[in-house]
Every structure is written in structure tokens, then in C-alpha cells.
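Per chain, numbering begins at 1; letters A, B, ... match sequence-line order.
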2 protein chains.
Amino acid sequence: MSNKFNIEQLNKAFESRIRLGIMSVLMVNAQVDFNTMKELLDLTDGNLASHMSALEKLNYVEVKKQFIGKKPNTLFEASKEGKIAFQKHLNALEKLLKQS
Amino acid sequence: MSNKFNIEQLNKAFESRIRLGIMSVLMVNAQVDFNTMKELLDLTDGNLASHMSALEKLNYVEVKKQFIGKKPNTLFEASKEGKIAFQKHLNALEKLLKQS
DNA sequence: TAAAAGTACTTTGTATGGCAAAGTTAAAAT
DNA sequence: ATTTTAACTTTGCCATACAAAGTACTTTTA
């Protein structure tokens with residue numbers, strides 16, 4: 001039986017509150033576009049872009065580009081893998097904190 | 001009414017999993033000594049010491065020194081303030097994640 | 001049609017944090 | 001006398017966070 005306080009199972013990718021926020025948003029909403037996400041979490045363009053590209057590199061989110069009318073529009077969605085990883089993280093969190 | 005995804009309320013001090021672990025331990029156990037904490041969380045001396053001193057600086061934990069027999073022994077405990085701050089953090093986390 | 005604004009970045013620069021490993025101090029055990 | 005234990009501190013490196021500014025392209029507006 002492993003340790004009661006197993007912080008190893010917490011996913012480093014989700015330590016930052018911004019990424020926690022991003023994933024929370026994407027668990028509830030299948031697709032969210034750049035500006036909506038930016039406003040939901042109150043981020044600067046650059047900050048959002050860099051967190052998103054980090055999550056993309058891990059294959060936790062997928063980025064899709066479309067046009068609305070003639071305006072470019074970037075959509076984010078959580079990948080299957082991302083949802084599973086996030087859920088695992090939440091389970092680990094819960095196990096760690098349940099006792100508190 | 002504030003935003004549904006309010007990551008601002010997450011306490012920066014508790015973003016790191018090590019500090020999450022420390023606080024979890026100290027919510028359950030009134031007092032934990034240096035070496036027990038070190039083993040519970042599988043940390044190096046220096047790493048534990050630096051996280052503890054960060055939490056101490058924020059008045060989230062209190063450090064008490066005693067002797068067991070003639071051996072020095074360092075005890076950690078969560079302060080009232082620390083418990084409240086941690087609980088607030090957990091509440092904010094829960095609010096953020098409930099929907100996921 | 002020239003200027004302003006929007007979209008989605010990338011780049012730059014700074015500051016902060018995490019971490020291991022090694023060094024330190026002092027007492028205790030062998 | 002040497003080693004071990006306890007609890008740090010210091011050093012050095014690397015990664016991350018973030019704001020702000022820059023970029024490229026398009027679209028709206030005056």
C-alpha cells in the first residue's frame with residue numbers, strides 16, 4: 001500500500017492555477033475560443049497563448065482554427081488524453097485532501 | 001456575482017504540490033517533526049527546509065524546537081491563520097472544480 | 001483609402017521558484 | 001577520535017510565469 005500523502009501522483013502540468021482554470025473550463029465546455037478563455041480567466045494574450053501551447057505540447061488540448069465570417073477564430077478543446085490526465089489529477093488531489 | 005472560474009481565489013502559496021502535501025499533513029496531524037515530514041513526502045532536507053521557511057514567513061506554520069532526550073527535534077504545526085488560508089484555498093479549488 | 005482596431009500570436013526581458021547537491025554547525029553515539 | 005544525526009544554508013542551475021511590446025494579417029471605420 002502506498003503512502004497516504006502521495007504527492008507524486010499530482011500532475012505537474014496542472015499545478016499552476018491558470019492551467020487548472022483552463023482545464024476546468026474545458027471539462028465543462030466542449031469548445032472555447034481564444035477570447036472567451038482569455039476573458040474567463042482574465043489573462044493577457046501572451047500568457048494564455050503560452051499556457052495553451054504548453055498544454056498542446058503535452059497533447060492535453062487540441063487547437064482548432066476556423067473562421068467566423070471572415071474573422072479568424074481559435075478554438076480550444078480538451079483531448080481525450082487531457083481529460084483523463086486531469087481527472088487523474090483531481091482524484092489524486094481528492095485523495096490527498098480528503099483527510100483534511 | 002463573480003466569475004464562475006475565479007482562479008484568483010486560489011492561494012499562490014499552495015500551488016506547489018509539496019506545499020499542498022505539507023498542509024494536508026498538518027491539517028490531520030497537530031504536530032509533525034522534520035524527519036517524519038521529510039519521509040512522508042519524500043523530500044530532501046534542503047527542499048523541505050526551504051518550503052517550510054516559506055510557509056513560516058507567511059505565518060502559515062509555526063516551527064517549534066524541542067529536545068527528545070538530548071537530541072534536537074524540530075516540530076511543525078499549522079497556525080490558525082494557515083489553517084484558515086488553506087481551507088479557503090480548498091474551497092476555491094472545490095468551487096472551480098465542482099463543475100468538472 | 002488611410003487609420004484604427006481586432007485576432008492570435010511570438011519575442012524579449014525580468015523576476016521568481018524549484019530542486020539537488022554540497023557545505024555547515026553542533027551535538028550525540030560509537 | 002571518528003562517525004552519525006539533525007537541521008539547516010548556500011550554491012548553482014534550470015524552468016516557469018508574466019507583462020509588455022512587437023508582429024502579421026485582416027477588417028472595420030472614419
Side-chain angles (χ1 to χ4, degrees), chain A residues 5-26 31-58 60-77 85 89, chain B residues 5-26 31-58 60-77 85 89:
Chain A
F5 298 99
N6 196 340
I7 60 177
E8 277 288 303
Q9 297 194 27
L10 297 174
N11 192 329
K12 279 224 146 206
F14 304 132
E15 274 191 75
S16 107
R17 62 216 178 127
I18 291 181
R19 298 223 269 267
L20 271 180
I22 290 170
M23 292 306 292
S24 295
V25 169
L26 294 181
Q31 293 189 327
V32 175
D33 71 16
F34 193 95
N35 283 295
T36 303
M37 185 68 84
K38 195 182 116 184
E39 278 153 30
L40 277 175
L41 301 177
D42 191 28
L43 303 174
T44 58
D45 287 7
N47 202 2
L48 174 55
S50 78
H51 280 290
M52 288 310 314
S53 93
L55 290 171
E56 203 190 354
K57 213 164 291 168
L58 292 166
Y60 288 171
V61 298
E62 279 156 28
V63 180
K64 302 190 173 174
K65 313 220 174 212
Q66 61 172 0
F67 283 85
I68 293 179
K70 296 192 176 174
K71 285 186 183 174
N73 186 260
T74 299
L75 288 175
F76 302 124
E77 67 181 69
H89 179 74
Chain B
F5 298 99
N6 195 340
I7 59 177
E8 277 288 304
Q9 296 195 29
L10 298 174
N11 192 329
K12 278 223 147 207
F14 304 132
E15 274 192 74
S16 107
R17 61 214 181 131
I18 291 181
R19 298 224 268 268
L20 271 181
I22 290 171
M23 292 306 291
S24 295
V25 169
L26 293 181
Q31 294 188 141
V32 175
D33 71 17
F34 193 97
N35 283 296
T36 303
M37 185 69 83
K38 196 182 114 184
E39 279 154 29
L40 276 174
L41 301 177
D42 191 28
L43 304 174
T44 57
D45 287 6
N47 202 3
L48 175 55
S50 77
H51 280 290
M52 289 308 317
S53 94
L55 291 172
E56 203 189 354
K57 214 165 289 169
L58 292 166
Y60 288 171
V61 299
E62 279 156 29
V63 179
K64 303 190 171 172
K65 313 220 175 212
Q66 62 172 359
F67 283 85
I68 293 180
K70 296 193 173 172
K71 284 186 182 175
N73 186 259
T74 298
L75 288 175
F76 302 124
E77 67 181 70
H89 179 75

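- Atom CG of residue A/Leu20 and atom CZ of residue B/Phe5 lie 12.0 Å apart, to the nearest 0.5 angstrom.
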Any protein N or O atoms within reach of nucleotides 3-5 of chain C? Criterion: under 3.5 Å, listing atom names and distances.
none

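- Separating the NZ atom of B/Lys57 from the P atom of D/dC8 is a distance of 13 Å, rounded to the nearest angstrom.
- Between B/Leu41 and A/Ile7, some side-chain heavy-atom pair lies under the 4.5 Å cut-off.
- Going from atom CG of A/Leu48 over to atom C1' of C/dT10 covers 14 Å, rounded to whole Å.
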Under 3.5 Å, which donor-acceptor pairs link side chains of residues 42-49 of chain A to any protein atom two or more places apart or in another chain?
{"unit_1": "A/Thr44", "atom_1": "OG1", "unit_2": "A/Asn47", "atom_2": "N", "d": "3.3"}
{"unit_1": "A/Asp45", "atom_1": "OD1", "unit_2": "A/Lys38", "atom_2": "NZ", "d": "2.8"}
{"unit_1": "A/Asn47", "atom_1": "OD1", "unit_2": "A/His51", "atom_2": "NE2", "d": "3.3"}

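- Legend: side-chain hydrogen bond (donor to acceptor under 3.5 Å, both in side chains) pairs involving residues 61-71 of chain A, not counting sequence neighbours, sorted by first then second residue: A/Gln66-A/Asn73.
- Side-chain contact check for B/Ile22 versus B/Met37: some heavy-atom pair is nearer than 4.5 Å.
- Summarising the geometry, the separation between CD1 on B/Ile68 and P on C/dA29 is reported as 12 Å, rounded to the nearest angstrom.
- The side-chain hydrogen bond (donor to acceptor under 3.5 Å, both in side chains) test applied to A/Glu8 returns no partner, not counting sequence neighbours.
- Applying the ring-ring contact (aromatic ring centres under 6.0 Å, His included) test to A/Phe14 and every residue at least two apart in sequence or in another chain returns A/Tyr60, A/Phe86, A/His89.
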Indicate for each nucleotide in nucleotides 9-30 of chain D, in 5' to 3' sequence, whether protein heavy atoms under 4.0 Å reach the base (B), only the sugar-phosphate (S), or nothing (-).
-> B-------SSS------SS---

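- How far OG of A/Ser50 is from CD of A/Glu56: 12.5 Å, rounded to the nearest 0.5 Å.
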